[in-house]
Amino acid sequence: MQPIVPASSVQETYDRMAAKLSRLIPEAELRVKAEIAYEINRLKKEKNAVILGHNYMEPALYHSIPDFVGDSLGLSRIAANTQADRIVFCGVRFMAETAKILNPSRMVLLPTRVGGCSLASSITAEDVRRLKAKYPGVPVVTYINTYADVKAETDVCCTSANAADIVRKLDSDVVICLPDEFLAKNIAKETGKRVIYPSEAAGSDFHEAMIVWNGRCEVHEQFRPEDVWNARAQFPDTVVLAHPECPPEVVDAADFSGSTTAMVHFVANSQAKRFLLLTECSMSDNIAAENPDKEFLGMCSVRCPHMNEITLEDTLASLREDREQIELEEGLRLRAKRSLDRMLELS
Ligand code: 13P
Ligand code: SF4
């Protein structure tokens, strides 16, 4: 990932934003946002901060202040290696927490008090301990969309970019894959494993199986195969991309499935002219702004309420006042770090 060089004046900030976003955001709003963005970029330099922006950030923020944008895996790698004094994470809490686990000597700031995630809140450390007791010796693969206490009970983490690869590399007949039911089912399909729910009686045949949890992303669970069929009925040349947190029947109906950054690259490298993105809406807008020669079907009605908490205004306040700082108890951090280190080694 190459760092994005910040603009040197409010006018240049505005010009850059307008070049990408004038079709999407009214001029008056862009001017106000450009002023805030310029101040953030000035302060970021003064305080030796790096700003990481997830691909789901709202377009004005995404196209103005991050030094790096990307998916969970890419941003974790940047966070682990940055020399900046402060990491401002424009994303959700589990992402900022991951940055702190990997690089504890940096101050990690999350520009919101909450920044939750329906997947991260679907499972507790106690749930994982119970599963380990029920299935002793079975490796636990946990999605990065979880909190530190759950990561601390995990053998290896994964993201949407490397999940199937990690499961294959574990070279185990059976794995416990937490907490996203749909991501696990999509990986099971890719790796040729059978899905088993923990409620199923112990003693069943666990050969080539994946034991799954019932967490779901509240955004991606809303997509249906009909969304794909309806789009294709109207525009047969539409290329459909679905995030692997979507239900398996949606992923099956799509032309491509991958992490948010994999989708960015797919669109940029495709010769096709029309796309439907089955993922968070800001992501469609951000990709559309980078690809003015391509058309994106306006199916987007699903904004992640947690990602939506991050605004330019709160990012400025966070940087000015060093708030909300992520803190973790050291023993917990070290136990959680093992599962992230293992992921980074394997991917
Ligand atoms: P990515 O790692 O693909 O960016 O996904 C993170 C996420 O929260 C998707 O909902
Ligand atoms: Fe969590 Fe879904 Fe929001 Fe991603 S889009 S942060 S998985 S709730």
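By convention here, the first residue in the shown sequence is residue 1. Note that these values count all heavy atoms, side chains included, but never hydrogens, waters or copies made by symmetry.
Checking S64 against Y38 by side-chain atom types alone, no donor-acceptor pair falls below 3.5 Å. Residues E190 and N186 bring no donor and acceptor atom of their side chains to less than 3.5 Å of each other.
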Discussion item. Would V114 and H306 count as a side-chain contact (heavy atoms from CB on, under 4.5 Å) here? Give the steps.
Written reply: CA-CA 8 Å; V114 189; H306 315 292; 5.9 Å; no
Worksheet item: Can you list the steps and then say if R333 with E329 is a salt bridge (Lys or Arg N to Asp or Glu O under 4.0 Å)?
Response: CA-CA 6 Å; R333 186 191 72 78; E329 189 270 315; over 6 Å; no
Item to complete: Decide side-chain contact (heavy atoms from CB on, under 4.5 Å) for V264 and T260; before the verdict, give the C-alpha distance in whole Å, the side-chain angles of both, and the deciding distance to 0.1 Å.
Response: CA-CA 6 Å; V264 171; T260 55; 5.7 Å; no
Discussion item. V156 vs L170, test: side-chain contact (heavy atoms from CB on, under 4.5 Å). Steps then yes/no.
Written reply: CA-CA 9 Å; V156 55; L170 283 179; 3.9 Å; yes
Worksheet entry | T261 and N55: CA distance, side-chain angles, deciding distance, side chain to side chain donor-acceptor pair (under 3.5 Å) verdict | CA-CA 7 Å; T261 290; N55 290 322; 3.1 Å; yes
Fill in: Chi angles and distances behind the side chain to side chain donor-acceptor pair (under 3.5 Å) call for S257, H243
CA-CA 5 Å; S257 179; H243 194 275; over 6 Å; no
Worksheet entry | Test log, rule side chain to side chain donor-acceptor pair (under 3.5 Å), inputs D15 and Q11 | CA-CA 6 Å; D15 290 343; Q11 185 59 45; 2.8 Å; yes
Discussion item. Go through it in stages, so that I can follow the logic: the residues are I51 and I40, the test is side-chain contact (heavy atoms from CB on, under 4.5 Å), and I'd like the CA-CA distance, side-chain angles, deciding distance and then a yes or no.
Written reply: CA-CA 10 Å; I51 299 185; I40 292 172; 3.5 Å; yes
Item to complete: Show your reasoning for whether side chain to side chain donor-acceptor pair (under 3.5 Å) applies to R303 and S282.
Response: CA-CA 7 Å; R303 178 85 175 103; S282 282; 3.2 Å; yes
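Atom CZ of R323 sits about 10.5 Å away from atom CG of L109, to the nearest 0.5 Å. Rounded to the nearest 0.5 Å, atoms CG (L319) and CD (E39) are 9.0 Å apart. To the nearest 0.5 Å, atom CD1 of residue I101 and atom OG1 of residue T98 are 5.0 Å apart. Going from atom CG of L297 over to atom CG of D227 covers 11.0 Å, rounded to the nearest 0.5 Å. Summarising the geometry, atom CD belonging to E97 is positioned 11.5 Å from atom CD belonging to E327; distances are rounded to the nearest 0.5 Å. Taking SG from C90 and CG from D314, the interatomic distance works out to 10.0 Å, rounded to the nearest 0.5 Å.
Ion pair D322/K47 flagged as a salt bridge, since at least one NZ, NE, NH1 or NH2 atom sits closer than 4.0 Å to an Asp/Glu carboxylate oxygen. Under 4.0 Å is where a charged nitrogen must lie from a carboxylate oxygen, and between R338 and D155 no such pair does. Remark: R194 does not engage E208 in a salt bridge, criterion side-chain N to carboxylate O under 4.0 Å. Salt bridge absent: R224 and E226 never bring a charged side-chain N and a carboxylate O closer than 4.0 Å. For D67 and K44, the salt-bridge test passes: some basic side-chain N is under 4.0 Å from an acidic carboxylate O. Of the charged side-chain nitrogens involved, at least one lies within less than 4.0 Å of a carboxylate oxygen, so that K33 and E29 count as a salt-bridged pair. Using a 4.0 Å cut-off between a side-chain N of Lys or Arg and a carboxylate O of Asp or Glu, K273 and E295 do not qualify as a salt bridge. Ion pairing between a basic and an acidic side chain is recognised when a charged N comes within 4.0 Å of a carboxylate O; E126 and R129 show such pairing.
Using a 4.5 Å cut-off on side-chain heavy atoms (C-beta onward), D341 and L102 make contact. The closest side-chain heavy-atom distance from K337 to K151 is not below 4.5 Å. The shortest distance between side-chain heavy atoms of D255 and R232 falls below 4.5 Å. With contacts defined as side-chain heavy-atom distances shorter than 4.5 Å, the pair L75/F89 qualifies. Looking only at side-chain heavy atoms (C-beta outward), P111 and E324 stay at 4.5 Å or farther from each other. Side-chain contact between V250 and D252: absent, with no pair of heavy atoms (C-beta onward) separated by less than 4.5 Å. V174 is not listed as a side-chain neighbour of Y135, based on a closest heavy-atom distance of 4.5 Å or more. Annotation: side chain of N291 is in contact with side chain of F296 (closest heavy-atom distance under 4.5 Å).
D171 CG: 12 or fewer foreign heavy atoms inside a 6.0 Å radius. Open room surrounds NZ on K189; 12 or fewer heavy atoms of other groups in view lie less than 6.0 Å from it.
A chain of hydrophobic side-chain contacts below 4.5 Å, direct or via other Ile, Leu, Val, Met, Phe, Trp or Tyr residues, connects I78 to Y56. No continuous path of ILVMFWY side-chain contacts below 4.5 Å connects L30 to M57, so the two sit in separate hydrophobic clusters. Put simply, L43 and V10 are part of two different groups of oily side chains (I, L, V, M, F, W, Y) that touch within less than 4.5 Å, one to the next. No continuous path of hydrophobic side-chain contacts links V251 to Y143 [ILVMFWY only; heavy atoms under 4.5 Å]. I87 and L344 fall within a single hydrophobic cluster, where Ile, Leu, Val, Met, Phe, Trp and Tyr are joined by side-chain heavy atoms under 4.5 Å apart, directly or via other members.
Closest approach of T154 to V150, counting heavy atoms only: OG1-O, 2.8 Å. Of all heavy-atom pairs between A99 and A79, the closest is CB-CB, 3.6 Å. Counting all heavy atoms, side chain and backbone alike, V219 lies closest to C304 at CG2-CA, 3.6 Å. For the residue pair C157 and I166, the shortest heavy atom distance occurs at O-CD1, 3.9 Å. Nearest heavy atoms, C217 versus S118: CA-OG, 3.4 Å. The two residues A60 and M17 make their nearest non-hydrogen contact at O-CE, 3.5 Å.
Although no hydrogens or angles enter the test, the distance criterion places a donor-acceptor pair under 3.5 Å between the side chain of K132 and the main chain of E153. Judged purely by atom type and a 3.5 angstrom limit, K294 uses its side chain to pair as donor or acceptor with the backbone of V267. Between the side chain of S9 and the main chain of E12, a donor-acceptor pair closer than 3.5 Å is present. The main-chain N or O of D127 is found under 3.5 Å from a side-chain atom of T124 such that the two form a donor-acceptor pair. Between the side chain of E200 and the main chain of I196, no donor-acceptor pair closer than 3.5 Å is present. Side chain of S339 to backbone of A336: a donor-acceptor contact under 3.5 angstrom is found. One N or O on the side chain of T82 and one on the backbone of A84 form a donor-acceptor pair closer than 3.5 Å. Judged by distance alone, the side chain of R93 and the main-chain N or O of R113 form a donor-acceptor pair under 3.5 Å. Between the side chain of W213 and the main chain of Y197, no donor-acceptor pair closer than 3.5 Å is present. At least one donor-acceptor pair under 3.5 Å links the side chain of D71 to the backbone N or O of G74.
Cation-pi geometry between R31 and Y14 is satisfied (NZ or CZ under 6.0 Å from the ring centre, within 45° of the ring normal).
Ring geometry for F275 versus F266: interplanar angle over 60°, hence perpendicular rather than tilted (30 to 60°).
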